[in-house]
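Each remark here refers to the structure printed beneath this line.
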Amino acid sequence: MNLRNLDGVDIQPNQRVNFIYGANGSGKTSLLEAVSFLGTGRSFRSHKLKPVICRDADTMTIFGNIAVSDRQEVPIGIQRSVSGQSLIKVDGIQVNSAARLAENLPLQLIDSHSFLLLEGSPKVRRQFLDWLVFHVKPEFLPAWKGVQRCIKHRNSLLRHGRIEASLIAPWDTELAGFAHKVDQLRQDCFGAFVETFNQLINDFLPINDLTLNYYRGWEHGLDYKDFLARQIDRDRHLGYTAGGPHRADIRINIGRDSAAQLLSRGQQKLLVCALRISQGLTFSELSSRQCVFLIDDLPAELDSDHRKLLAGWLDTMACQVFVTGVERDVLIESWPQTLAGNKKAVFHVEQGSVSND
Ligand SMILES: Nc1ncnc2c1ncn2[C@@H]1O[C@H](COP(=O)(O)OP(=O)(O)OP(=O)(O)O)[C@@H](O)[C@H]1O
Ligand SMILES: [Mg+2]
């Protein structure tokens, strides 16, 4: 392993609820990070690799068997080195893209940074929406890569001042094709998502006038190619393409104000829980699969009633959950007492070692 303070860790998680408890600094969040590596190829805590690999080691290795259906398991192996070397194997075959990991292990995370979904930049919400679109619409990834490639070329032309219409036009045509595809797929998924969200938000946060709106990144009702033509002077001045699917957002408002400005930190957490649960429900509705929830330090995030509420939803979804907290009983008592013994596992983390409890 050699992930932070974890080494020699070998666990058999339950397919439903995994309670992970231990003292501060024992390695609980690091264990969730290990799962995150199997599903995304990276940590949710650090963009850099160096802080994640154990200080005394050069290389970190993580293996996992992912049950992608009742009958099929996919072995995943990841090795990352301080020197920058990276090796990812899915089902014994080396792959270059982390997208191959996400396909097998769709993850949703709730942790102390979750409020950034509301307070952070549009990119955070765009990535949240695109998680769903990526997982349920196979056409999305090639279209999105197309958008990124065309915008890169277009921006490089704009930056170099080479902006004769004849040079930009071919990129605009190709870009518009990809942009409308991406927009359509996002709209489809967002529609399904909002329907689910509206059914459960009152359980978490009974607030009137809470609305979610998808903003596609450019003017409503306008063909993207026409929009680009209209904006060319501005883009030329800026040196990049200002509007488009790469600027899409989900606008979360209460009345006319942004929810991030009005809600208390606790209310923000509840709203984020509702968003993530809706995401999981919509994913399973559209794909007939379940995602895996990672919940870091549940008691620090929610009070007792809301812990029970969140656990109740996760129990109804019957998805796999990895949930951490300092105190064992606080965690277990959050879940419905009807949860059968064979549907849970309890792990105790102590100074980088993990044992079954
Ligand atoms: N690169 C590293 N190499 C070795 N140890 C590390 C490294 N990075 C962090 N640690 C240590 O790993 C330990 C586990 O950290 P982790 O954040 O997983 O703890 P935790 O159980 O989640 O604690 P808390 O309850 O405070 O959230 C900490 O003691 C931390 O100092
Ligand atoms: Mg922690």
Side-chain angles (χ1 to χ4, degrees), residues 1-14 17-64 78-87 105 107-117 120 265-266 268-269 272-273 276 292-304 306-307 310-311 314 320-335 344-357:
M1 185 89 106
N2 283 328
L3 187 152
R4 297 196 192 265
N5 72 335
L6 299 180
D7 196 24
V9 172
D10 184 2
I11 61 167
Q12 304 289 325
N14 192 283
V17 191
N18 296 280
F19 298 106
I20 299 159
Y21 75 98
N24 291 134
S26 56
K28 304 178 296 297
T29 306
S30 305
L31 195 55
L32 298 190
E33 265 181 314
V35 181
S36 161
F37 265 96
L38 292 175
T40 64
R42 57 190 168 82
S43 157
F44 53 82
R45 270 204 285 195
S46 164
H47 291 297
K48 293 191 189 135
L49 196 58
K50 199 156 176 286
V52 184
I53 298 177
C54 176
R55 273 194 301 273
D56 305 332
D58 296 328
T59 306
M60 163 184 93
T61 315
I62 306 163
F63 291 109
I78 296 190
Q79 196 166 66
R80 305 293 305 265
S81 304
V82 182
S83 62
Q85 278 177 323
S86 167
L87 182 67
L105 186 54
L107 294 174
Q108 280 293 324
L109 169 76
I110 296 175
D111 73 350
S112 60
H113 299 289
S114 287
F115 62 88
L116 286 174
L117 188 54
R265 192 39 63 83
Q268 290 185 11
K269 287 177 182 175
V272 169
C273 288
R276 298 232 173 250
V292 174
F293 273 82
L294 305 180
I295 303 174
D296 196 23
D297 208 349
L298 178 69
E301 296 305 307
L302 301 176
D303 64 32
S304 157
H306 288 110
R307 288 200 288 274
L310 179 66
L314 292 165
Q320 190 175 37
V321 182
F322 292 82
V323 56
T324 77
V326 174
E327 310 220 23
R328 178 187 189 278
D329 293 346
V330 175
L331 280 184
I332 295 175
E333 282 161 14
S334 302
W335 252 256
K344 62 185 164 197
V346 184
F347 298 101
H348 186 196
V349 187
E350 279 175 299
Q351 295 177 15
S353 298
V354 184
S355 55
N356 264 88
D357 185 299

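Both ligands and their constituent atoms are indexed starting at 1 by order of listing.
Here's the thing with Gly22: none of its N/O atoms is less than 3.5 angstrom from an N/O atom of ligand 1. Considering backbone and side-chain N/O atoms, Cys54 never comes within less than 3.5 Å of an N/O atom of ligand 1. By the 3.5 Å distance cut-off applied to N or O atoms, Ile53 is counted among the residues near ligand 1. Residue-to-ligand polar distances keep Asp297 apart from ligand 1: every N/O pair is separated by 3.5 Å or more. An N or O contact shorter than 3.5 Å links Arg45 to ligand 1 by distance. In terms of polar-atom proximity, defined here as any N/O pair under 3.5 Å, Pro51 does make such a contact with ligand 1.
Nearest heavy-atom pair, Met60 versus Asn2, reported as atom, atom and distance to 0.1 Å: CB-O, 3.7 Å. Heavy atoms only, all atoms of each residue included: Ser81 and Leu49 are closest at O-CD2, 3.7 Å.
Counting only heavy atoms of the protein, atom 3 (N) of ligand 1 lies nearest to Arg55 N, 2.9 Å. At the top of the distance list for atom 25 (O) of ligand 1, counting protein heavy atoms only, stands Lys28 NZ, 2.7 Å. Here the heavy atom of the protein found nearest to atom 11 (C) of ligand 1 is Asn5 CB, 4.1 Å. Nearest non-hydrogen protein atom to atom 28 (C) of ligand 1 is Gly25 O, 3.5 Å. The protein atom (non-hydrogen) at minimum distance from atom 2 (C) of ligand 1 is Arg4 CA, 3.6 Å. Thr29 OG1, 3.9 Å is the protein heavy atom nearest to atom 27 (O) of ligand 1.
The cationic atom of Arg276 (NZ for Lys, CZ for Arg) does not lie both less than 6.0 Å from the six-membered ring centre of Phe293 and within 45° of the ring axis.
In summary, the side chains of Gln79 and Thr61 do present a donor paired with an acceptor at a separation below 3.5 Å, with no hydrogens or angles considered. A donor and an acceptor atom, one from each side chain of Thr324 and Asp297, are nowhere located under 3.5 Å apart.
More than 12 heavy atoms of other residues, nucleotides or ligands lie within 6.0 Å of CG in Asp329, so this atom counts as buried by the packing criterion.
The atoms of ligand 1 that sit less than 4.0 Å from any heavy atom of Ser30 are 14 (C), 15 (O), 16 (P), 18 (O).
Ligand 1 is never approached by Glu33 to a heavy-atom distance shorter than 4.0 Å. Ligand 1 has at least one atom lying under 4.0 Å from a heavy atom of Ala23.
The side-chain heavy atoms of Leu310 and Leu298, taken from C-beta on, include a pair separated by under 4.5 Å.
Of the possible donor and acceptor atoms, one in the side chain of Ser36 sits under 3.5 Å from a partner among the backbone N and O of Arg42.
Under the 4.0 Å distance rule, the nearest protein heavy atom to atom 30 (C) of ligand 1 falls outside the cut-off.
The aromatic rings of Trp335 and Phe19 stand perpendicular to each other, their planes meeting at an angle above 60°, with 30° marking the opposite boundary.
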